[in-house]
J.: 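Handing you this structure, nothing more for now.
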Amino acid sequence: MMGSFIEFFALRENPFNITPDVDFFFMSSIHQEALASLEYLLETEEGFAVIVGEPGTGKTITIKKFLSQIPDNVEYAYILFPNLSPEEMFRAILEDFGIKIPENVSKNRLFSLLRDFLIQKKKEGKKVFVIVDEAQNLPVETLEELRLLSNLETDKEKLLQIILLGQPELERKLNLPQLRQLKQRITVMYRLENLSKDEMVDYINYRLAKAGNSTVRISPKVYDAVYGYSGGNLRLINQLMERSLMSAFVKNKHQIDRQDVEEAASSLGFEKKGGKRWAVAGILIGVIITAAASGYYFYQSKNPSGETDLKNDGKYTESIKYGTVIPDRLNMRKNPELGSEVLYVLKKGSRVEILEEKDGWARVRFKNITGWVKKEYLEQQDEQRNAG
């Protein structure tokens, strides 16, 4: 059945296979920034990176893309589904590095074996990573052991860097009081999100092209329907598009229509997303209208004559400070101090809004993220904005 489905559309392979395939990695703005954050970790001696996201947002394929382009001087252990005790974690890491483990050894001996391995690799001029996928399953005591493991270092360099991938539960776990020391060591924290509608359209067309598409035609309403059911989630998009192609195949047609998507969604048990979002938007719009009306009433009570005390026919301008990032990478931190938690890594040329300045630091906004950066690493500009 599947072979016929692929041949019918003159495809080389299934374009919407849900198995993470680096050849089909789509460089959306979100995933590009996540990849850049991992590359930043590779270039530095920072200890911990954390990438979180809901299921289906592309955590695994992003790390696989990262691993596909690392240089030869990097070695790594990849641990999956890690509901492991500290001792089991040490064993899993050693086994993934191909290190022979003697029988009946203690946890301390396992730690020593790993330390000796890391020291040898550093002498060989190599970097070593441990990557833990689905890290929200790690017990608290195992996460704390990983922190201790990350402390291993020479006089100048760390011996090990650790990347944790997980669902939002991981971030909540890292906020536990007993893990505060671990959280302080996290220098890269990135949250993956679903695709926007425009990026979803590009994603679908990209995957079809990568699979050798020559005969698939897509009705414009298909994109609306797929986004309505998937919300831009990569996994859900793949499931819907695969079923939609199969629906068209069964009907012996090369065009995917909205009806094919509806049938696919029904067979998968999907419901349309965004109902609550629109309800919230409606409430917000109501609040804004009410606030605007209240503001107008207040102004009229202060200016009963209706005359304005503003220049330029009731309009005025305000000065807004912006900054452009100068270095290749710039940490945006939670507080204005070195060692504070890194919220985001800005790239060279990124443009941020400067909200305030304090003791050589600037509090800035980039997209929807607000944090502190060293002011000296920004090229500042003032702009006038019409606020009337």
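This is a predicted model, so every value here is computed, not measured.
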J.: Let's go through Ile186 and Leu164 carefully: what are the C-alpha distance in whole Å and the side-chain angles of both, what is the deciding distance for side chain to side chain contact (heavy atoms under 4.5 Å, CB included) to 0.1 Å, and is it a yes or a no?
T.: CA-CA 10 Å; Ile186 296 172; Leu164 303 179; 6.0 Å; no
J.: Report yes or no: does Glu193 contribute a side-chain atom to a donor-acceptor pair with the main-chain N or O of Arg191 at less than 3.5 Å?
T.: no
J.: Which pair of heavy atoms, one from Asp257 and one from Lys253, lies closest together, and at what distance?
T.: OD2-NZ, 3.2 Å
J.: Are Phe66 and Leu192 in one and the same hydrophobic cluster, where Ile, Leu, Val, Met, Phe, Trp and Tyr link if side-chain heavy atoms are under 4.5 Å apart?
T.: yes
J.: Which pairs would a plain distance check flag for residues 110-118, meaning a side-chain donor or acceptor within less than 3.5 Å of a matching protein atom at least two apart in sequence or in another chain?
T.:
from   : atom 1 : to     : atom 2 : distance (Å)
Ser112 : OG     : Asn108 : O      : 3.1

J.: Is there a side-chain contact between Gln32 and Lys347, using heavy atoms and a 4.5 Å cut-off?
T.: yes
J.: Judged by atom type as modelled, is there a donor-acceptor pair below 3.5 Å linking the side chain of Asn335 to the main-chain atoms of Glu337?
T.: no
J.: Counting neighbours of CD on Glu271 that are heavy atoms of other residues, nucleotides or ligands and sit closer than 6.0 Å, is the number greater than 12?
T.: no
J.: Identify the two heavy atoms, one from Gln255 and one from Ser219, that lie closest to each other, and give their separation to 0.1 Å.
T.: NE2-CB, 4.0 Å
J.: Side chains of Phe9 and Leu208, heavy atoms from C-beta outward: is any pair under 4.5 Å?
T.: no
J.: Quick one: does Gln161's side chain get under 4.5 Å of Lys127's, heavy atoms only?
T.: yes
J.: Are Ile237 and Leu268 connected in the hydrophobic side-chain network, where two residues link if heavy atoms are under 4.5 Å apart?
T.: yes
J.: Output the distance between atom CZ (Arg365) and atom CD (Glu353), rounded to the nearest 0.5 Å.
T.: 5.0 Å
J.: Using modelled atom types and a 3.5 Å cut-off, is there a donor and acceptor pairing between side-chain atoms of Ser266 and backbone atoms of Glu262?
T.: no
J.: According to a 4.5 Å side-chain heavy-atom criterion applied to Ile, Leu, Val, Met, Phe, Trp and Tyr, with indirect links allowed, do Leu149 and Leu165 form part of one hydrophobic cluster?
T.: no
J.: Can a side-chain donor-acceptor contact be found between Tyr377 and Asn331 if the only test is distance below 3.5 angstrom?
T.: no
J.: Checking side-chain contact (heavy atoms from CB on, under 4.5 Å) against Glu263, which of Arg258, Lys251, Met246 comes through?
T.: Lys251
J.: Do Ser85 and Glu88 have a side chain donor and acceptor closer than 3.5 Å?
T.: yes
J.: Are Leu160 and Leu42 linked, directly or through intermediate hydrophobic residues, by side-chain heavy-atom contacts shorter than 4.5 Å (ILVMFWY only)?
T.: no
J.: Drop me the distance from Ser28's OG to Asp198's CG, to the nearest 0.5 angstrom.
T.: 12.5 Å
J.: Drop me the distance from Asn233's CG to Met200's CE, to the nearest 0.5 angstrom.
T.: 12.0 Å
J.: Looking at Glu376 and Ile326, what are the two nearest heavy atoms and their distance?
T.: O-CD1, 4.0 Å
J.: Sort and list the pairs that fulfil salt bridge (Lys or Arg N to Asp or Glu O under 4.0 Å) and have at least one residue in residues 203-213, not counting sequence neighbours.
T.: none
J.: Does any part of the side chain of Trp361, heavy atoms only, come nearer than 4.5 Å to the side chain of Leu338, both counted from C-beta?
T.: yes
J.: Could you please spell out the steps behind the side chain to side chain contact (heavy atoms under 4.5 Å, CB included) verdict for Ile30 and Leu195?
T.: CA-CA 8 Å; Ile30 294 290; Leu195 301 183; 5.7 Å; no
J.: Do you know which two heavy atoms are closest between Leu170 and Ala135, and how far apart they sit?
T.: CD1-O, 3.8 Å
J.: Name every donor-acceptor pair, under 3.5 Å, that has one atom in a side chain of residues 90-99 and the other anywhere in the protein, sequence neighbours excluded.
T.:
from  : atom 1 : to    : atom 2 : distance (Å)
Asp96 : OD2    : Tyr78 : N      : 2.8

J.: Show me the pairs that pass ring-ring contact (aromatic ring centres under 6.0 Å, His included) and involve residues 167-190, at least two apart or across chains.
T.: Tyr190-Tyr344
J.: Going by heavy atoms in the side chains, are Val352 and Val373 under 4.5 Å from each other?
T.: no
J.: Enter the distance from Glu356:CD to Thr370:OG1 here, rounded to the nearest 0.5 Å.
T.: 10.5 Å
J.: How many angstroms lie between atom CG of Asn73 and atom CD of Glu124, to the nearest 0.5 angstrom?
T.: 11.0 Å
J.: Sorted by first residue and then second, give each ring-ring contact (aromatic ring centres under 6.0 Å, His included) pair with at least one member in residues 26-51; sequence neighbours left out.
T.: Phe26-Tyr203, Phe26-Tyr206
J.: Could you check whether any side-chain heavy atom of Lys64 comes within less than 4.5 Å of a side-chain heavy atom of Asp133, counting everything from C-beta outward?
T.: no
J.: Check this for me: Arg147, atom CZ, are more than 12 non-hydrogen atoms of other residues, nucleotides or ligands nearer than 6.0 Å?
T.: yes
J.: Under 3.5 Å, side chain of Arg185 to main-chain N/O of Leu182, donor-acceptor pair present?
T.: no
J.: Under a 3.5 Å distance rule, please check whether Asp260 uses its side chain to pair with a backbone N or O of Phe249 as donor and acceptor.
T.: no
J.: Can you confirm whether more than 12 heavy atoms, excluding those of Lys348, are under 6.0 Å from its NZ atom?
T.: no
J.: Is there a side chain to side chain contact (heavy atoms under 4.5 Å, CB included) between Gln380 and Lys321 once you walk through the steps?
T.: CA-CA 7 Å; Gln380 295 192 33; Lys321 282 188 175 182; 4.0 Å; yes
J.: Determine the minimum heavy-atom distance between Ala211 and Pro15, stating which atoms define it.
T.: CB-CB, 3.5 Å
J.: Could you name each residue pair satisfying ring-ring contact (aromatic ring centres under 6.0 Å, His included) that touches residues 127-151, not counting sequence neighbours?
T.: none
J.: So Ile218 and Asn205, do their side chains get closer than 4.5 Å, heavy atoms only?
T.: yes
J.: Heavy atoms only: give me the nearest Lys59-Gly53 pair and the separation to one decimal.
T.: NZ-O, 2.9 Å
J.: Taking Gln136's backbone N and O only, do any of them form a donor-acceptor pair with Lys173's side chain (distance below 3.5 Å, no angle check)?
T.: yes
J.: I would like to know whether Asn194 and Thr57 meet side chain to side chain contact (heavy atoms under 4.5 Å, CB included); could you show each step before the answer?
T.: CA-CA 6 Å; Asn194 292 337; Thr57 50; 3.3 Å; yes
J.: Could you check whether any side-chain heavy atom of Val325 comes within less than 4.5 Å of a side-chain heavy atom of Leu378, counting everything from C-beta outward?
T.: yes
J.: To the nearest 0.5 angstrom, please state how far the NZ atom of Lys375 sits from the CD1 atom of Ile354.
T.: 8.5 Å
J.: Using the rule that Ile, Leu, Val, Met, Phe, Trp and Tyr join whenever any side-chain heavy atoms are under 4.5 Å apart, tell me whether Leu67 and Met27 fall into a single cluster.
T.: yes
